[in-house]
Student: 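Got a structure for you, written out below as C-alpha cells; questions coming shortly.
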Amino acid sequence: MGGSVMRARTFVEAALKQAVHDLGWTWPEKATIEAPKRPEHGDMATNVAMVLPKEAGSNPRARAQALQERLLASCADDLAAVDVAGPGFLNLTLSPAFWQGTVARVLQDANFGASSLGQGKKAQVEYVSANPTGPLHIGHGRGAAVGDALARILRFAGYAVHTEYYLNDAGRQMRLLGLSVWVRYQQLCGRQVPFPEDGYQGDYIGDIAARIRQERGDALLAWSEEDAREFCYQEGMNEILAGIRHDLEVFRAEHQVWFSEKSLVDSGVVEATLADLQAKGLAYEKDGALWFASSRFGDDKDRVLRKSDGSLTYFASDIAYHAHKIGRGFDLMIDVWGADHHGYIPRMKAAVAALGRDPECLQVILVQLVNLLRDGQQIAMSTRAGTFETLADVCAEVGVDAARFLFLSRKSDAHLDFDLEVVKRQSMDNPVFYVQYAHARIRSLQRKAREAGVALPEVADPALLALLTTAEDKALLKALDAFGDAVELAARTLSPHHISYYLMDLAGQLHRYYTEHPVLSVEDAGLRDARLLLLEAVRRVLARGLDLLGVDAPLRM
RNA sequence: GCGCAAUUAGCUCAGUUGGAUAGAGCGUUAGCCUCCGGAGCUAAAGGUCGCAGGUUCGAUUCCUGCAUUGCGCACCA
C-alpha cells in the first residue's frame, strides 16, 4: 500500500475495504473509522466487524480476528499493530514511519489538507446583504466573518465558490432613506420640517445632508419634492454603500458580485418569475393580492407576492433572485441570515422547490445576535451613533484578527458575548493570540536558526524523520494528519468553528512540544534538523488554517 | 396557541453519519524559568450530558412526551 502518500484515515479505509473484500464480504454503509480518544485503542479504530451482516461470520469478534490476520498479512510495513477489542472493535496502530511521513506530505503538498468533497460543484455564498440604510454593526460583522470563512473553506474543499452581496436598493426602506436625508437637508436650510416618525435618525444621515448642502447649497429647495427625494436617496445610498464596502474590505470579507434588487425589478425578472409561478398554478389571485402557494411545499401558510395596492413584497423579489441564482447554475446556494429570520426559511425552501429544485440546494446559515459588552457591562445597541457599535469602530479597537477569530470560535447559531476588554486581552480568554503565538514562536525559532547558520533541510528524508520518536512527536504528527478531517467536517457541516477548534488543539500541541523538547540547543544535528522540519510543517498548517478563517499568521508578536 | 432552536463542569462553550472510562478554555488549587519568546507548560479538583420513557450489542448523539429559556408566527423589511 502507498501509505507514504496518504493521510491516515484514507490509508486505513483503503486497507480495511480491501481486507473486507478479500474475505468475500461487502463494506457495510454503517461502518465507521475514527481516531479513538484513548491511546490504548490505537491510532484508528473501526466498528466494521460489528456492523457486518450476520451471515458474514459467526460473531463480531471472529470476524474482527479474520480481518486482523488479513491486514497484518497485506500491510505489514505501515501497521505496527492490529488488535481486536471489546465486542469486536478493530484497533489499528500505524507504524512510526507512517506518522513521520506526515511531515513530508505537508512540506511537499502546497495544498495539504485540501479536499475534493465539492467535486468542482458551483456553490454560491450570499452574506451580509444588509440594507444600505446605515453603517454595518457588530452583528453584520459576525455574518461577514461566517460567510467569508465559509467561502474560503468550501474553496479549499473543492467547490467553485462565488460570493455575493444582495443589495436591497428598491422598496420602502430606500424611500425612507431618501426622505430622511431630504428632511435633514431642509432642516439645515432652515425649513421647519418635522422628521418622519419611522425615519433613520442616525447622525450619519445628517452628515450626508450636510455634505449635499455643502456641494449644492440650497439649490434642492427649488426642485420638485420627488426629484429632491430621489436625489437624496441616490446620494445617501451611494455614500452609505461606499462605507459598507470599505468596512467589509478592512474586515477582509470579499464579495465578488454586488447584486442589485432594483436591477431584478427593472429588468422584469421579478414579473417573469411571478408569471412563471402562475403558469405552473403555484400562484393565485385572492382578495386583490397575488399569493404563492407555499403551503403546498411544507410552509405553514401561503404568502403574498403582490399586495392589493399593487406593490411587490420583498418575498417576491427574493424568489426572483433565487430563480436567477438557479439560472446561473449554482448547485449549492448558501444564504447567511440573521437568526431572527429563521421563520423565513420554510417559505424560501418552498420557493426553491416551486422553481423545480431540491430544496436542499438552498442551505440557510443562521447567525445569532452578538451581545456587545465592555467589562461585562452591556453596551446598548441603539440606532443612535456615537458608542462603539459599528463594525468599523469595533475593528479599530480590537483588531480584525481578534474579532474574526472570536466570531468563528462558536457555532454561528448560538448567542455570542463580545466583550471588548476580553477580546483585547492577550490570554486564553482570547484564543486568537494562543494560535497566532504558536505560529510566531516557530517563526522566531527559524529566525534564530538562520542567525546561527542552520538551514532547514531541503528534503524531508525519512532517515531524518525517523528521529521523531517521542510521545509529543507522535501527538503533533497525528494532529497534522487530522487537518484534512477538520476541513472536511467544517465544509460538510458548513461550520467554520471546527477549524478554530482544530487550530487551538494544534497550537496546544505545539506549545507543549516547545516546552518539552529543545530544538536548536539539541546536541545531535540530525535530531535538530528533524525537529526543524516538523515545526515547519506545523507552521504551514497553522498558517493555512488561519487563512481559512481570514486571520493573519504573524511573523512576530 | 403554533413553529424553530437551545439545555453538557462554578462560568463560557466543543462534541454530525450512534461507539469503549464525556472534552477544552476560564476560574480555583498545587507545581515548572542557570535552557530556543513564561503571551508558555504540567497536575489536581469539578458531571445523573434539563426530566421521563422508547429504539439496540451500545444513546450526550436517533424517536416521543414534559419542563425551562430565546426567537419567530404581517398584504413588515
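Per chain, numbering begins at 1; letters A, B, ... match sequence-line order. Computed from heavy atoms alone, side chains included, the values below leave out hydrogens, waters and symmetry copies.
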Student: Can you confirm if the aromatic rings of A:Y165 and A:F259 lie within a centre distance of less than 6.0 Å?
Tutor: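 No, they do not, as the ring centres are separated by 6.0 Å or more.
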Student: Identify each atom pair where a protein N or O and an N or O of nucleotides 19-24 of chain B are less than 3.5 Å apart, giving names and distance.
Tutor:
unit_1, atom_1, unit_2, atom_2, d
B:rG19, N7, A:N47, ND2, 3.2
B:rA20, OP2, A:K37, NZ, 3.3
B:rA20, N6, A:N91, OD1, 2.6
B:rA20, N1, A:N91, OD1, 3.4
B:rA20, N1, A:N91, ND2, 3.2
B:rA20, N3, A:H41, NE2, 3.4
B:rU21, O2, A:R38, NH1, 3.0
B:rU21, N3, A:R38, NH1, 3.0
B:rU21, N3, A:R38, NH2, 2.5
B:rU21, O4, A:R38, NH2, 2.8

Student: Under a 3.5 Å cut-off for both distances, is B:rU29 Watson-Crick or wobble paired, and to whom?
Tutor: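 Paired with B:rU29, as far as the under-3.5 Å criterion goes, is B:rA43.
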Student: Decide whether A:E472 and A:Y514 meet the rule of one side-chain donor and one side-chain acceptor closer than 3.5 Å.
Tutor: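 No, no side-chain donor-acceptor pair sits under 3.5 Å.
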Student: Can you tell me if A:H511 and A:R441 form a side-chain donor-acceptor pair at under 3.5 Å?
Tutor: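 The answer is yes; a qualifying pair exists.
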Student: State, without any angle test, whether A:D335 and A:Y166 hold a side-chain donor-acceptor pair at a distance under 3.5 Å.
Tutor: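 Absent: no donor and acceptor within the cut-off.
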Student: Any donor-acceptor pair under 3.5 Å joining the side chain of A:H341 to the base of B:rA77?
Tutor: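 Result: at least one qualifying N/O pair found.
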Student: Rounded to whole angstrom, note down the P distance from B:rC76 over to B:rU7.
Tutor: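 B:rC76 and B:rU7 have their P atoms separated by 36 Å.
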Student: Below 6.0 angstrom between ring centroids: does that apply to A:F433 and A:F405?
Tutor: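 No; A:F405 has its ring centre 6.0 Å or more from that of A:F433.
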Student: Does a side-chain N or O of A:H497 approach OP1 or OP2 of B:rG15 to a distance below 4.0 Å, or not?
Tutor: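 Checking A:H497 against B:rG15: at least one side-chain N or O falls below 4.0 Å of OP1 or OP2.
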Student: To the side chain of A:K307, which of B:rC75, B:rU16, B:rA14 is closest?
Tutor: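 Comparing B:rC75, B:rU16, B:rA14 against the side chain of A:K307, the answer is B:rC75.
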Student: For the NZ atom on A:K424, are there more than 12 heavy atoms of other groups (residues, nucleotides or ligands in this structure) within a distance under 6.0 Å?
Tutor: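 Counting other residues, nucleotides and ligands, NZ of A:K424 exceeds 12 neighbours.
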Student: Between B:rC13 and B:rC2, how many Å separate the two C1' atoms, rounded to a whole number?
Tutor: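 Between the two C1' atoms, the distance is 31 Å.
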Student: Within residues 431-448 of chain A, find the residues that approach RNA chain B with a heavy atom at under 4.0 Å, and present them sorted by residue number.
Tutor: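 The stretch gives A:Y434, A:Y437, A:R441, A:S444, A:L445, A:K448 as the residues lying under 4.0 Å from the strand, ordered by number.
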Student: Could one point to a donor on the side chain of A:H511 or the base of B:rC41 with an acceptor on the other under 3.5 Å away?
Tutor: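 Not at all, since no donor on one side and acceptor on the other fall under 3.5 Å apart.
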